[in-house]
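Given the structure is predicted, the values throughout are model-derived calculations rather than measurements.
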Amino acid sequence: MARWAIAIHGGAGVDPNLPEHRQEEAKRVLARCLQVGVDLLRAGAAALDVVEAVVRELETDPCFNSGRGSALTRAGTVEMEASIMDGHGRRCGAVSGVSTVRNPVSLARRVMDKSPHSYLAFDGAEDFAREQGLEVVDNSYFITEENVGMLKLAKDANTILFDYRIPLAGADTCSALAAASEKNNSNGMVMNGLPISIYAPETVGCAVVDSNGFTAAATSTGGLMNKMTGRIGDSPLIGAGTYACGHCAVSCTGEGEAIIRSTLARDVAAVMEYKGLPLQEAVDFCVKERLDEGFAGLIAVSGTGEVAYGFNCTGMFRGCATEDGFMEVGIWE
């Protein structure tokens, strides 16, 4: 029997001034969702079932940017995306532009299991969800009052707002946001050559190896606050935001455009396979060498029961556990 292991994340790039109560709230959610996965693994559940169950939990809680609590488009709507991959046979499913499906990760699973395709988007994905009998809700279900306020700030500052969890309290919030955006722009922080704001996207993901040595990974997100309608990031792209094979399972988070350019998740598996690096060294190599000027993080498990993570920005919401009793939830280095 192999050793099971699990890693989860709630996004990379955290405001260093995030209030303590927000940090504690995030860690409580991570710990609860991590325990869901641990309990399933102890009961002998398959890796694929575990990653779907854990990401569903993360999508349901508005603490992070997936499912309920997703970031809003310029139009004030939610467009979600998700992917899932089974390392055993490298089957995969992904969806984008989902606006009414309560749990996008489960729709991605159905695309993999019940359709002849790997990726469905927008109306086609929505129609397929209804055909499959998945739970659908009005788009308003995903929208929180806080995110409505943050979208207004993003529009007022004329920026894609990455750190949309900045507290709304205080009259100087908008001016502080503008100043922070100007500071980052003066430091040359860009996305595809265009200035961006503070970086903290808060996508969610899970990577698992089960007691049979099979791996799986899943990633889900609402994308960027004030993003263009129709924008697709790395989260649903197999090999970029999500990847699983016999060597490892990986879920990424961060600047989607940079993750896409570097095919970050697949690269971790590739350097393990072709360079012979162990998991943590492979993660460190990819974060350091493959992101160019981008900012991102990732979690990973190996087929032999190791866990690893890495990020090149300020903090990453994360948790991990292994069969030998190790368990950790953290944000900073």
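- When each of E59, E81, R56 is checked for a side chain to side chain donor-acceptor pair (under 3.5 Å) with S220, only E59 meets the rule.
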Report the C-alpha distance between E126 and R130 in whole Å, list the side-chain angles of each, state the deciding distance to 0.1 Å, and finish with yes or no for salt bridge (Lys or Arg N to Asp or Glu O under 4.0 Å). CA-CA 7 Å; E126 295 279 340; R130 287 167 173 78; 3.1 Å; yes
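- Hydrophobic clustering, with ILVMFWY side chains joined whenever heavy atoms are under 4.5 angstrom apart, keeps V209 apart from L48.
- Looking at K288 and D284, no side-chain N of the basic residue comes within less than 4.0 Å of a carboxylate O on the acidic one, giving no salt bridge.
- Side-chain contact check for S106 and E52: at least one donor-acceptor pair (N or O, by modelled atom type) lies under 3.5 Å.
- Cluster annotation: V51 is connected to M112 through the hydrophobic network of ILVMFWY side chains, with a link wherever side-chain heavy atoms come within less than 4.5 Å.
- Side-chain atoms of T100 do not come within 3.5 Å of backbone N or O of V136 as any donor-acceptor pair.
- The minimum heavy-atom distance between A244 and A217, with the atom names listed, is CB-N, 4.1 Å.
- Inter-residue side-chain proximity for R32 and E57 is flagged as met; some heavy-atom pair is nearer than 4.5 Å.
- Contacts of H88 classified as ring-ring contact (aromatic ring centres under 6.0 Å, His included), with partners at least two apart in sequence or in another chain: F214.
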Would you sort out whether I6 and I8 count as a side-chain contact (heavy atoms from CB on, under 4.5 Å), showing the intermediate values? CA-CA 7 Å; I6 179 173; I8 65 174; 4.3 Å; yes
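- Side-chain contact between L134 and R109 is absent, with no heavy-atom pair separated by less than 4.5 Å.
- Summarising the geometry, atom SG belonging to C248 is positioned 8.0 Å from atom OH belonging to Y243; distances are rounded to the nearest 0.5 Å.
- You'll find the side chain of E25 reaches within 4.5 Å of the side chain of C63, heavy atoms only.
- Annotation: side chain of Q132 is in contact with side chain of F128 (closest heavy-atom distance under 4.5 Å).
- Summarising the geometry of I143 relative to G76, their closest heavy-atom pair is CD1-O, 3.6 Å, with the distance given to 0.1 Å.
- A salt bridge does not link E79 to R74: none of the charged side-chain nitrogens sits closer than 4.0 Å to a carboxylate oxygen.
- Between R3 and E323, none of the side-chain N atoms (NZ, or NE/NH1/NH2) sits under 4.0 Å from a carboxylate O, so this pair counts as no salt bridge.
- Using a 4.0 Å cut-off between charged nitrogen and carboxylate oxygen, D61 and R68 do not count as a salt-bridge pair.
- For the pair V208 and L41, the tightest heavy-atom approach, listed with the atom from each and the gap, is CG1-CD2, 3.8 Å.
- Two different hydrophobic clusters hold I238 and I84 under the rule that ILVMFWY side chains link at heavy-atom gaps under 4.5 Å.
- Under the side chain to side chain contact (heavy atoms under 4.5 Å, CB included) rule, C286 has a single partner from V271, L277, V250, which is V271.
- Interatomic distance, M225 CE to N65 CG, rounded to the nearest 0.5 Å: 7.5 Å.
- Separation of atoms CG (N147) and CG (N226) is listed at 12.0 Å; rounding is to 0.5 Å.
- Ion pairing between R28 and E24 fails under the 4.0 Å rule for side-chain N and carboxylate O.
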Report the C-alpha separation of L72 and V78 in whole Å, then their side-chain angles, then the decisive distance to 0.1 Å, and conclude whether the side-chain contact (heavy atoms from CB on, under 4.5 Å) test is met. CA-CA 5 Å; L72 306 182; V78 165; 3.5 Å; yes
Step by step, work out the side chain to side chain donor-acceptor pair (under 3.5 Å) result for T73 and R231. CA-CA 9 Å; T73 68; R231 181 261 184 183; over 6 Å; no
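- Side chains of T263 and R290: a donor-acceptor N/O pair is absent below 3.5 angstrom, by distance only.
- Contact between S99 and N139 at its shortest, heavy atoms only, is O-ND2, 2.7 Å.
- Between K275 and D267, none of the side-chain N atoms (NZ, or NE/NH1/NH2) sits under 4.0 Å from a carboxylate O, so this pair counts as no salt bridge.
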Show your working on side-chain contact (heavy atoms from CB on, under 4.5 Å) between V95 and V111 and close with a plain yes or no. CA-CA 8 Å; V95 294; V111 171; 3.8 Å; yes
Under the criterion side-chain contact (heavy atoms from CB on, under 4.5 Å), I'd like the reasoning laid out for D210 against V50: C-alpha separation, chi angles, the key distance, then a yes or no. CA-CA 9 Å; D210 62 28; V50 176; over 6 Å; no
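- At a threshold of 4.5 Å between side-chain heavy atoms, the hydrophobic network of Ile, Leu, Val, Met, Phe, Trp and Tyr places V283 and V307 in two separate groups.
- Taking hydrophobic clusters as Ile, Leu, Val, Met, Phe, Trp and Tyr residues chained together by side-chain heavy-atom distances below 4.5 Å, V36 shares a cluster with W4.
- Under the 4.5 Å side-chain criterion, counting only non-hydrogen atoms from C-beta, R42 is in contact with D39.
- Checked against ring-ring contact (aromatic ring centres under 6.0 Å, His included), F317 has the following partners two or more places apart in sequence or in another chain: F64.
- Looking at every heavy atom in both residues, G294 comes nearest to N312 through O-ND2, 2.9 Å.
- Not one N or O on the side chain of E257 forms a donor-acceptor pair closer than 3.5 Å with the backbone of G233.
- In this structure, Y309 shares a hydrophobic cluster with I299, F311, M316, the cluster being traced through Ile, Leu, Val, Met, Phe, Trp and Tyr side chains under 4.5 angstrom apart.
- Of the residues listed (T219, T221, T242), the one engaging S83 in a side chain to side chain donor-acceptor pair (under 3.5 Å) is T242, and it is the only one.
- Atom-to-atom distance recorded for S96:OG and F122:CZ is 6.5 Å, nearest 0.5 angstrom.
- When every heavy atom of T144 is checked against every heavy atom of G69, the shortest pair comes out as CG2-CA, 3.8 Å.
- Taken from CG in D86 to CZ in R90, the straight-line distance is 11.5 Å, to the nearest 0.5 Å.
- With rounding to the nearest 0.5 Å, the separation of CZ in R318 from NE2 in H9 is 12.5 Å.
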